[in-house]
Participant: 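Take a look at this one; I'll ask things after.
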Amino acid sequence: MSIRALILHHFWLKLFSLLLATLIWFAIHFGIQSGLRSPEALIINPTTKQFSGVPIRILSQPGDTRVFKVHPKEVVLTVVGEEAILRDLTAQNISVFVDLTSVRSSHETNQQVKLDLPTGTTAFRVEPRTVNVEQVSP
């Protein structure tokens with residue numbers, strides 16, 4: 001069989017297989033690079049724990065002298081994780097904050113609440129999800 005016949009025999013099937021394999025490789029490659037994973041899938045015995053009155057902190061640039069007021073000042077947070085991890089988890093282990101590092105001169109803005117949770121836990125519900133941030137002093 002000639003090389004030409006090897007390439008052209010079932011050409012469209014071969015081309016489709018090559019494209020599909022390339023797409024699968026890119027999906028896996030970028031998934032590994034970006035660290036995509038489903039934390040819920042890793043939890044064997046999921047349990048929830050609710051924290052109310054968790055204070056919202058403000059994250060700003062170093063040297064930023066502006067003073068901000070957040071309303072509401074606290075969130076209600078429901079966390080999902082292994083029972084052994086949640087048993088020892090307290091509100092002090094959870095960081096709830098509003099990132100104002102990119103806010104320049106707005107006196108009042110709505111910002112999304114962000115979380116920093118311990119490994120092995122996932123936020124199930126955050127209420128409220130956005131808060132009103134007001135600049136009190138320049």
Participant: Which pair of heavy atoms, one from Pro46 and one from Val80, lies closest together, and at what distance?
Facilitator: CB-CG1, 4.2 Å
Participant: Transitively linked via ILVMFWY side-chain contacts under 4.5 Å: Phe16 with Ile24?
Facilitator: yes
Participant: Can you list the residues that meet the ring-ring contact (aromatic ring centres under 6.0 Å, His included) rule with Phe26, with sequence neighbours excluded?
Facilitator: Phe30
Participant: Kindly check if the number of other-residue, nucleotide or ligand heavy atoms within 6.0 Å of CD (Glu134) is above 12?
Facilitator: yes
Participant: Is Val79 linked to Ile85 within one hydrophobic cluster, defined over Ile, Leu, Val, Met, Phe, Trp and Tyr using a side-chain heavy-atom separation of less than 4.5 Å?
Facilitator: no
Participant: Would Leu86 end up clustered with Phe51 when hydrophobic side chains under 4.5 Å apart are linked, directly or stepwise?
Facilitator: yes
Participant: How far apart are the closest heavy atoms of Arg66 and Leu100, and which atoms are they?
Facilitator: NH2-O, 4.3 Å
Participant: Once rounded to the nearest 0.5 Å, what's the spacing between atom CG of Leu20 and atom CG of Leu15?
Facilitator: 11.0 Å
Participant: Give a yes or no answer on whether the side chain of Lys49 reaches the backbone of Leu89 with a donor-acceptor pair at less than 3.5 Å.
Facilitator: yes
Participant: On a heavy-atom basis, which atom in Phe68 and which in Val133 lie closest, and how many Å separate them?
Facilitator: CD2-CG1, 3.8 Å
Participant: Tell me whether Val126 shares a hydrophobic cluster with Val96, the cluster being built from Ile, Leu, Val, Met, Phe, Trp, Tyr side chains joined at under 4.5 Å.
Facilitator: yes
Participant: Among pairs that include at least one residue of residues 1-29, which meet side-chain hydrogen bond (donor to acceptor under 3.5 Å, both in side chains), considering only residues two or more places apart or in two chains?
Facilitator: His29-Gln33
Participant: Rounded to the nearest 0.5 Å, how far does OG1 of Thr109 lie from CG of Asn132?
Facilitator: 8.0 Å
Participant: Tell me, yes or no, whether the heavy-atom count around Ile3 atom CD1, taken from other residues, nucleotides or ligands under 6.0 Å, exceeds 12.
Facilitator: no
Participant: What distance separates Thr121 OG1 from Ile94 CD1, expressed to the nearest 0.5 Å?
Facilitator: 7.0 Å
Participant: What side-chain donor-acceptor pairs closer than 3.5 Å can you find for residues 70-77, not counting sequence neighbours?
Facilitator:
none

Participant: Among the clusters formed by ILVMFWY side chains lying less than 4.5 Å apart, do Leu19 and Phe11 turn up in the same one?
Facilitator: yes
Participant: Shortest non-hydrogen contact from Gln61 to Thr101?
Facilitator: NE2-O, 3.3 Å
Participant: If every non-hydrogen atom of Ala123 is compared with every non-hydrogen atom of Leu115, which pair is closest and at what distance?
Facilitator: CB-CD1, 3.3 Å
